[in-house]
Amino acid sequence: MKVEQFVKAIGADFYTGVPDSQLKALCNYLMKTYGIDPAHHLIGANEGNCAAMAAGYHLATGKIPVVYMQNSGEGNIINPAASLLNQKVYAIPVIFVIGWRGEPGVHDEPQHVYQGEVTLRLLEDMDIRSFVVGRDTTREELGQALEEFQEALSGGKSVALVVRKGALSYDGEVTYQNRHTMTREEIIRHIAAVSGEDPIVSTTGKASRELFEIRTAMGQGHQYDFLTVGSMGHSSSIALGIALNKPDRKIWCIDGDGAVLMHMGAMAVIGANRPANLIHVVINNEAHETVGGMPTVAGQMDLPVIARACGYPHAVSVDSFEALDRELREAKKRNALSLIEARCAIGAREDLGRPTTRAVDNKTAFMEYLGKAGT
């Protein structure tokens with residue numbers, strides 16, 4: 001189905017969400033049509049944030065908003081869906097558009113498998129009626145489903161359109177870019193060179209994929225790295241948990257701007273605990289690149305200032321490899337919590353692969369390495 005037909009059938013004026021590769025057609029259409037426009041389209045920090053903004057829109061206008069997301073974001077909307085939007089509380093109607101990663105019977109990455117199994121069940125448990133949109137869904141079928149949703153929406157209930165892989169298409173072209181020159185893969189290569197055999201926790205998406213291939217190209221094993229293939233936004237908290245329990249080892253976290261934004265409160269917890277052995281590197285390309293390149297708000301904030309306000313004693317921003325190498329070496333020598341923001345361009349190799357080891361095997365090898373490191 002053409003995304004223009006999909007949007008017309010929904011008939012909403014306001015969209016907010018977190019980008020998803022399965023909803024790339026919708027995301028690109030919204031960016032091409034509205035860009036980032038407070039009146040019509042906002043990209044949120046996380047899905048719960050989007051549900052709350054949608055509630056505010058409804059309170060201010062009386063209209064029904066749309067919240068789009070990958071199904072991995074269902075966990076982030078459970079609280080606002082149950083305690084804010086629900087008919088038994090404020091009865092605020094929202095149309096959720098959810099990309100169905102890990103749909104049973106459709107091959108996907110390991111972090112999506114269980115989430116895919118419980119996608120419809122979670123919606124049912126939250127009293128959110130759903131309709132599945134597939135490649136063969138017609139405009140008439142979608143229109144009929146939305147017509148049947150009207151009674152629920154009018155009564156203050158939320159509904160969901162669950163979108164299968166390849167269900168939506170868009171012929172328009174959108175280019176995402178920024179002014180920075182460093183590439184993420186090369187930044188990670190520099191981090192791996194300076195960190196040596198120190199343990200690394202890397203964030204979900206292309207960063208972990210690139211780290212895996214860099215280790216392979218360098219002839220190294222993968223036991224040094226915990227590749228956080230799911231749970232976006234939680235890598236820094238994982239690294240904190242390790243750092244606090246392995247105080248004699250330098251622990252590195254390779255993070256992304258979208259991930260940092262998703263659960264920014266983690267920085268306050270890290271800063272309050274100030275583990276002297278933790279180095280937090282945030283690769284900021286101002287984009288949700290792994291799912292298509294749609295922008296984050298990270299280009300409009302001063303991350304080092306935020307980090308210092310959270311309690312990080314050292315926080316800097318770099319935009320050249322010379323500065324990056326200098327700050328990486330200083331952080332490795334320093335006995336204090338450090339944050340390095342590395343500003344980088346949008347883009348990755350077209351032939352970038354994925355880790356060839358199972359997630360559970362990655363965990364086992366990493367734990368064994370940490371155990372040896374502590375002896």
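From a predicted model like this one, the values you see are computed outputs, not experimental measurements. Starting from 1, each residue takes its place in the sequence as its number.
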Do [X] and [Y] have side-chain heavy atoms sitting under 4.5 Å apart?
X: Gln115; Y: Gln70; answer: no
X: Asp248; Y: Asn277; answer: no
X: Met294; Y: Ile43; answer: yes
X: Val269; Y: Ser237; answer: no
X: Arg164; Y: Val106; answer: no
X: Arg249; Y: Pro199; answer: yes
X: Lys8; Y: Arg139; answer: no
X: Thr61; Y: Phe14; answer: no

Count the heavy atoms belonging to other residues, nucleotides or ligands that lie under 6.0 Å from [atom1] of [X], then report whether that count exceeds 12.
X: Met218; atom1: CE; answer: yes
X: Lys165; atom1: NZ; answer: no
X: Glu140; atom1: CD; answer: yes

Any idea which heavy atoms bring [X] and [Y] closest together, and the distance?
X: Ala243; Y: Ile251; result: CA-CG1, 3.8 Å
X: Leu84; Y: Val89; result: O-CB, 4.1 Å
X: Ile98; Y: Ala160; result: CD1-CB, 4.2 Å
X: Thr290; Y: Gly205; result: OG1-CA, 3.6 Å
X: Pro104; Y: Glu117; result: CG-CA, 4.2 Å
X: Tyr176; Y: Cys27; result: OH-O, 4.3 Å

For residues 335-342, tabulate all N or O donor-acceptor pairs below 3.5 Å that involve a side-chain atom, not counting sequence neighbours.
{"unit_1": "Ser338", "atom_1": "OG", "unit_2": "Arg334", "atom_2": "NH1", "d": "2.8"}
{"unit_1": "Ser338", "atom_1": "OG", "unit_2": "Ala336", "atom_2": "O", "d": "3.1"}
{"unit_1": "Glu341", "atom_1": "OE1", "unit_2": "Ser317", "atom_2": "OG", "d": "2.6"}
{"unit_1": "Glu341", "atom_1": "OE1", "unit_2": "Arg343", "atom_2": "NE", "d": "3.4"}
{"unit_1": "Glu341", "atom_1": "OE2", "unit_2": "Asn284", "atom_2": "ND2", "d": "2.9"}
{"unit_1": "Glu341", "atom_1": "OE2", "unit_2": "Arg343", "atom_2": "NE", "d": "3.4"}
{"unit_1": "Glu341", "atom_1": "OE2", "unit_2": "Arg343", "atom_2": "NH2", "d": "3.4"}

_Applying the salt bridge (charged side-chain N to carboxylate O under 4.0 Å, His left out) criterion to Arg349, which one of Glu213, Glu186, Glu210 satisfies it?_
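The single option meeting the salt bridge (charged side-chain N to carboxylate O under 4.0 Å, His left out) with Arg349 is Glu213.
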
Under the 3.5 angstrom rule, does the side chain of [X] hit a backbone N or O of [Y] as a donor-acceptor pair?
X: Arg209; Y: Gly353; value: yes
X: Glu141; Y: Thr138; value: yes
X: Ser195; Y: Ala192; value: yes
X: Gln87; Y: Gly155; value: yes
X: Lys363; Y: Phe226; value: no
X: Asn362; Y: Asp225; value: yes
X: Lys246; Y: Leu370; value: yes
X: Asp255; Y: Thr203; value: no
X: Asn76; Y: Gly48; value: no
X: Gln22; Y: Trp100; value: yes

State the [atom1]-[atom2] distance between [X] and [Y], to the nearest 0.5 angstrom.
X: Phe366; Y: Ile200; atom1: CZ; atom2: CD1; value: 9.0 Å
X: Ile187; Y: Phe321; atom1: CD1; atom2: CZ; value: 5.5 Å
X: Asn71; Y: Asp20; atom1: CG; atom2: CG; value: 7.5 Å
X: Leu30; Y: Tyr170; atom1: CG; atom2: OH; value: 9.0 Å
X: Ile77; Y: Asn49; atom1: CD1; atom2: CG; value: 13.0 Å
X: Asn178; Y: Cys344; atom1: CG; atom2: SG; value: 7.0 Å

Going by atom type alone, with no hydrogens or angles, which donor-acceptor pairs under 3.5 Å involve a side-chain atom of residues 53-60 and a protein atom two or more places apart or on another chain?
{"unit_1": "His58", "atom_1": "ND1", "unit_2": "Lys63", "atom_2": "O", "d": "2.9"}

Would [X] and [Y] count as having a side-chain donor-acceptor pair, cut-off 3.5 Å?
X: Glu322; Y: Ser320; answer: no
X: His222; Y: Thr216; answer: yes
X: His314; Y: Glu330; answer: no

Are [Y] and [X] connected into the same hydrophobic cluster when the rule is that any two of I, L, V, M, F, W, Y join if their side-chain heavy atoms are below 4.5 Å apart?
X: Ile36; Y: Val174; value: yes
X: Met69; Y: Leu168; value: no
X: Ile270; Y: Val260; value: yes

*Would Leu142 and Phe6 count as a side chain to side chain contact (heavy atoms under 4.5 Å, CB included) if you check the C-alpha gap in whole Å, the side-chain angles of each, and the deciding distance to 0.1 Å?*
CA-CA 8 Å; Leu142 176 60; Phe6 181 78; 3.7 Å; yes

*Quick one: do Leu328 and Ile191 satisfy side chain to side chain contact (heavy atoms under 4.5 Å, CB included)? Show the steps, please.*
CA-CA 7 Å; Leu328 291 174; Ile191 295 170; 4.1 Å; yes

*Considering only NZ, NE, NH1 and NH2 on the basic side and carboxylate oxygens on the acidic side, decide whether Lys250 and Asp198 come within less than 4.0 Å.*
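Asp198 and Lys250: not salt-bridged.
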
*Using a strict cut-off of less than 4.0 Å between a Lys/Arg side-chain nitrogen and an Asp/Glu carboxylate oxygen, indicate whether Arg189 and Glu185 qualify as a salt bridge.*
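A salt bridge links Arg189 with Glu185.
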
*Restricting to pairs with a member in residues 70-96, which pass salt bridge (Lys or Arg N to Asp or Glu O under 4.0 Å), not counting sequence neighbours?*
none

Please output the side-chain donor-acceptor pairs of residues 120-133 that fall under 3.5 Å, not counting sequence neighbours, one pair per line with the distance.
{"unit_1": "Asp127", "atom_1": "OD2", "unit_2": "Lys157", "atom_2": "NZ", "d": "3.3"}
{"unit_1": "Arg129", "atom_1": "NH1", "unit_2": "Glu148", "atom_2": "O", "d": "3.3"}

*Working for side chain to side chain contact (heavy atoms under 4.5 Å, CB included), residues Val163 and Leu26*: CA-CA 11 Å; Val163 181; Leu26 174 63; over 6 Å; no

*Answer yes if the ring centres of His41 and Tyr34 are under 6.0 angstrom apart, and no otherwise.*
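No, ring centres 6.0 Å or more apart.
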
*Going by side-chain heavy atoms closer than 4.5 Å, which hydrophobic residues are tied to Met232, directly or by a chain of links?*
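So far as hydrophobic clustering goes, Met232 is joined with Val18, Met262.
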
*Residues Thr33, Tyr15; criterion side chain to side chain contact (heavy atoms under 4.5 Å, CB included); working and verdict*: CA-CA 12 Å; Thr33 304; Tyr15 286 73; over 6 Å; no

*Who passes ring-ring contact (aromatic ring centres under 6.0 Å, His included) against Phe149, sequence neighbours left out?*
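Per chain and number, Phe149 pairs via ring-ring contact (aromatic ring centres under 6.0 Å, His included) with no residue.
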
